[in-house]
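Here's the structure we're looking at; comments come further down.
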Amino acid sequence: MRERRPPGRGGALTGGVYTLLLTTRGRHSGKRRRTALIYGRDGDDYLVVGSQGGAAKHPAWVLNLLAEPQVEVQVGAQTFSARARTATPDEKPRMWSTMTAIWPAYDDYQARTDREIPVVVLERS
């Protein structure tokens with residue numbers, strides 16, 4: 001598998017792509033939850049996709065950030081606070097293209113479900 005590194009630096013190589021660690025707060029438990037996710041860049045922002053392999057429901061980390069959008073992001077050795085938001089309808093096509101260039105299977109995942117798979121924008125706070 002060829003290396004598909006998003007623009008920018010950092011991240012851990014996992015399965016041929018670079019990942020970041022996203023820490024959310026559990027919407028029910030209040031506990032910190034860490035998830036490794038493939039990422040892309042859009043200017044200074046980081047992009048992640050709530051695909052869950054095309055499952056009918058959003059992954060828990062998406063539900064957590066909808067309840068509490070303040071998150072922590074780790075890319076390589078760098079850790080920072082961010083505010084998570086879902087890409088707007090105007091932004092999503094461009095951002096989706098960025099992410100499918102890194103991980104083409106996202107298109108397959110979207111075809112498997114009626115759920116609109118979100119692109120999540122992580123903006124430094």
Side-chain angles (χ1 to χ4, degrees):
M1 177 180 272
R2 72 177 179 82
E3 181 178 305
R4 290 174 280 188
R5 187 178 186 126
R9 59 180 181 248
L13 185 63
T14 306
V17 294
Y18 284 85
T19 59
L20 58 72
L21 293 176
L22 176 69
T23 303
T24 60
R25 183 145 320 266
R27 65 194 179 285
H28 298 297
S29 69
K31 293 181 181 177
R32 292 168 45 95
R33 305 288 184 190
R34 182 176 285 179
T35 307
L37 297 165
I38 296 167
Y39 74 93
R41 296 292 302 265
D42 185 61
D44 292 336
D45 299 331
Y46 288 81
L47 306 175
V48 292
V49 175
S51 65
Q52 194 159 314
K57 295 183 180 180
H58 289 310
W61 66 266
V62 169
L63 299 175
N64 288 343
L65 67 82
L66 290 172
E68 174 51 65
Q70 196 62 39
V71 297
E72 183 178 276
V73 178
Q74 181 178 343
V75 181
Q78 181 184 51
T79 301
F80 57 91
S81 294
R83 185 156 185 87
R85 66 175 179 83
T86 303
T88 68
D90 288 340
E91 294 172 319
K92 186 174 179 187
R94 173 178 49 80
M95 293 176 173
W96 185 262
S97 291
T98 296
M99 295 308 295
T100 58
I102 296 165
W103 192 255
Y106 287 136
D107 282 330
D108 297 332
Y109 302 161
Q110 184 60 78
R112 290 183 197 158
T113 184
D114 292 329
R115 172 177 69 91
E116 181 73 18
I117 294 177
V119 174
V120 175
V121 181
L122 304 171
E123 302 171 328
R124 287 179 186 263
S125 55

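We count residues from 1, following the sequence as given.
- For L21, the side chain to side chain contact (heavy atoms under 4.5 Å, CB included) partners at least two apart in sequence or on another chain are R34, A36, Q74.
- Under the 3.5 Å distance criterion, the side-chain polar atoms of R25 are matched with a main-chain donor or acceptor of G30.
- Partners of T35 by side chain to side chain contact (heavy atoms under 4.5 Å, CB included), not counting sequence neighbours, listed by chain and number: L37, W61.
- Side chain of N64 to main chain of R27: a donor-acceptor pair is present (N/O by atom type, distance under 3.5 Å, no hydrogens or angles).
- A donor-acceptor pair is defined here as one N or O able to donate and one able to accept, closer than 3.5 Å; such a pair exists between the side chain of T88 and the backbone of E91.
- For the pair R124 and D45, the salt-bridge criterion is not met [side-chain N within less than 4.0 Å of a carboxylate O].
- Taking 4.5 Å as the limit, every side-chain heavy atom of V49 sits out of range of all side-chain heavy atoms of V120.
- The two residues H58 and P118 make their nearest non-hydrogen contact at CE1-CD, 3.6 Å.
- For the salt bridge (Lys or Arg N to Asp or Glu O under 4.0 Å) test, residues two or more places apart in sequence or in another chain that qualify with E72 are R32.
- Using a 4.5 Å heavy-atom cutoff, the side chains of V48 and I38 are not in contact.
- At distances below 3.5 Å, at least one donor-acceptor pair connects side-chain atoms of T98 with backbone N or O atoms of R94.
- The side-chain contact (heavy atoms from CB on, under 4.5 Å) test with V121 is passed by exactly one of T86, D42, L47: L47.
- Here the closest non-hydrogen pair linking G50 and I117 is O-CG2, 3.5 Å.
- A salt bridge links R85 with E123: the closest approach of a Lys/Arg side-chain nitrogen to an acidic carboxylate oxygen falls below 4.0 angstrom.
- In this structure, W103 and Y109 have side chains that are in contact, with non-hydrogen atoms separated by less than 4.5 Å.
- Contact check for I102 versus Y39: no side-chain heavy atoms found under the 4.5 Å cut-off.
- The side-chain heavy atoms of Q110 and R115, taken from C-beta on, include no pair separated by under 4.5 Å.
- Without hydrogens or angle criteria, Q52 side chain to G54 main chain gives no donor-acceptor distance under 3.5 Å.
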